[in-house]
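Just so it is clear, the model here is predicted, and its values are computed rather than measured. In each ligand, atom 1 is the first atom listed, and ligand 1 is the first ligand listed.
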Amino acid sequence: MAQERIGFIGLGIMGQPMCLNLLKAGFSLTVYNRTPARMQPVLQAGAVAAASAKQAAERSSIVITMVTDTPDVEQVLFGHDGVMQGLKANSVVIDMSTISPSATQRMAAQIKEKGSQMLDAPVSGGDVGAKAGTLAIMVGGEAQTLERCRPVLEAMGKTITHVGGHGMGQTVKLCNQILVSVTNLAVCEAVRFAQRSGVDPRVMIEAVKNGAAGSWQLSNLGPRMAAGDFAPGFMIDLQQKDLRLALQSAFEMQLPSPGLSLVHQLFSACQARGEGREGTQALIKSLLALTQKPAKEN
Ligand code: NAP
């Protein structure tokens with residue numbers, strides 16, 4: 001079966017099911033997680049535990065990271081007992097977290113200096129896609145490195161697209177987040193418009209969703225907004241991390257991004273009201289707040 005030995009670091013909501021799919025595909029898997037208890041389901045399925053990211057790298061030819069943000073990837077790769085202290089020459093580091101494109105380029109250069117390669121391979125599809133092995137994976141890096149790693153990525157995802165050089169996978173992931181969040185705002189406005197006009201928003205959604213205005217956000221988030229269901233599919237706090245990364249990249253490129261900035265501000269208002277752990281459809285509460293009269297004058 002598979003020749004590559006895989007090390008996987010970061011067994012959170014996404015990492016755990018991705019590991020289970022790697023085991024199902026027959027890969028030998030060494031895992032490391034900062035909080036050891038979170039490794040249990042994957043160890044029971046046949047993975048081997050490492051005591052550090054360094055040890056996971058020592059035992060692997062391909063090391064995958066799936067942690068939270070840019071400083072976390074930096075720490076896991078370059079920090080004390082990190083991947084770089086154990087990585088053998090001619091290995092590959094695949095970072096599947098959503099992080100900064102420019103920081104990714106710097107990390108890829110550092111890894112190349114040590115005789116190995118990096119791919120950025122962020123994903124879309126959420127925990128549902130991670131469990132089903134149907135993630136969309138956007139890959140930046142060298143084409144021949146992707147070909148070496150393709151069977152590994154195919155165990156976790158359905159659509160694997162090489163989008164360009166180092167950092168470009170992260171760039172495309174941020175494009176995805178711009179599209180998702182600005183469309184979300186359009187859905188909020190249409191739902192409010194229907195409500196204020198006396199049209200049932202659920203009827204409005206049914207009437208337009210198969211036409212030119214159709215979108216995943218309209219079909220999935222619109223009915224939840226109409227029902228006042230704000231339970232998280234994807235949390236506002238995590239969405240804000242991605243929008244912050246997109247705004248930072250836009251700033252670095254001196255590129256105006258007015259729609260993105262506005263949604264980021266409206267989500268900030270949600271966070272200020274303590275709604276950061278609600279689903280992204282709770283964006284509509286920021287529009288509702290704009291038309292609410294204060295309970296009493298100061
Ligand atoms: P999560 O459940 O919060 O898991 C984060 C993982 O990273 C945990 O294993 C955590 O370890 C580890 N970690 C974080 N900081 C670390 C550090 N400094 N050192 C060592 N380990 C560290 O998050 P997730 O939902 O799996 O998301 C992971 C990545 O995928 C994020 O970049 C996210 O934006 C992206 N993503 C998520 C989704 C989604 O729907 N959830 C969809 C697409 C992409 P501990 O267990 O010790 O905390």
Side-chain angles (χ1 to χ4, degrees), residues 7-21 31-43 47 49-57 63-86 93-101 103-104 107 120-139 153 156-159 169-181 184 216 220-221 231-246 248 267 276-281:
F8 201 110
I9 297 160
L11 279 73
I13 291 173
M14 298 295 287
Q16 277 192 24
M18 290 162 76
C19 282
L20 293 175
N21 282 328
V31 294
Y32 169 72
N33 196 60
R34 182 178 57 182
T35 307
R38 274 180 124 176
M39 292 193 280
Q40 274 315 316
V42 176
L43 298 182
S52 64
K54 176 187 171 191
Q55 197 178 68
V63 180
I64 299 173
T65 50
M66 191 54 167
V67 296
T68 311
D69 203 347
T70 311
D72 305 309
V73 176
E74 283 168 343
Q75 188 179 346
V76 158
L77 293 185
F78 302 103
H80 176 67
D81 269 349
V83 168
M84 294 313 289
Q85 291 178 6
V93 174
I94 310 178
D95 177 38
M96 304 190 76
S97 332
T98 302
I99 67 161
S100 154
T104 296
M107 291 183 217
D120 44 303
V123 305
S124 167
D127 61 329
V128 176
K131 283 179 194 146
T134 56
L135 293 167
I137 307 181
M138 298 144 253
V139 187
L153 297 177
M156 298 178 281
K158 195 168 157 198
T159 318
Q170 296 295 353
T171 298
V172 171
K173 168 72 186 186
L174 296 182
C175 292
N176 182 78
Q177 299 308 71
I178 295 169
L179 288 162
V180 161
S181 54
N184 185 359
W216 187 95
N220 291 279
L221 299 185
F234 190 57
M235 267 181 219
I236 287 173
D237 284 343
L238 266 184
Q239 177 76 289
Q240 281 291 70
K241 174 195 65 112
D242 294 353
L243 300 194
R244 174 177 51 70
L245 290 168
Q248 180 65 31
F267 273 134
R277 297 187 69 77
E278 295 188 358
T280 52
Q281 69 275 21

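Within the structure, every pair that satisfies the salt bridge (charged side-chain N to carboxylate O under 4.0 Å, His left out) test and touches residues 124-137, not counting sequence neighbours, is listed here: Asp127-Lys131.
In this structure, Gln16 CD and Gln40 CD are separated by 10.0 Å, a value rounded to the nearest 0.5 Å. Here the CE atom belonging to Met14 is positioned 12.0 Å from the OG1 atom belonging to Thr68, to the nearest 0.5 angstrom. The distance from atom CD of Gln55 to atom CG of Asp81, rounded to the nearest 0.5 Å, is 9.0 Å.
A salt bridge is absent between Asp72 and Arg34: the closest approach of a Lys/Arg side-chain nitrogen to an acidic carboxylate oxygen does not fall below 4.0 angstrom.
Under a 3.5 Å cut-off, the side chain of Ser100 and the backbone N or O of Thr70 do not form any donor-acceptor pair.
A heavy-atom cutoff of 4.0 Å around ligand 1 is satisfied by the protein residues Gly10, Leu11, Gly12, Ile13, Met14, Asn33, Arg34, Thr35, Arg38, Met66, Val67, Thr68, Asp72, Gln75, Val76, Ser97, Thr98, Val123, Gly126, Asp127, Lys173, Phe234, Lys241.
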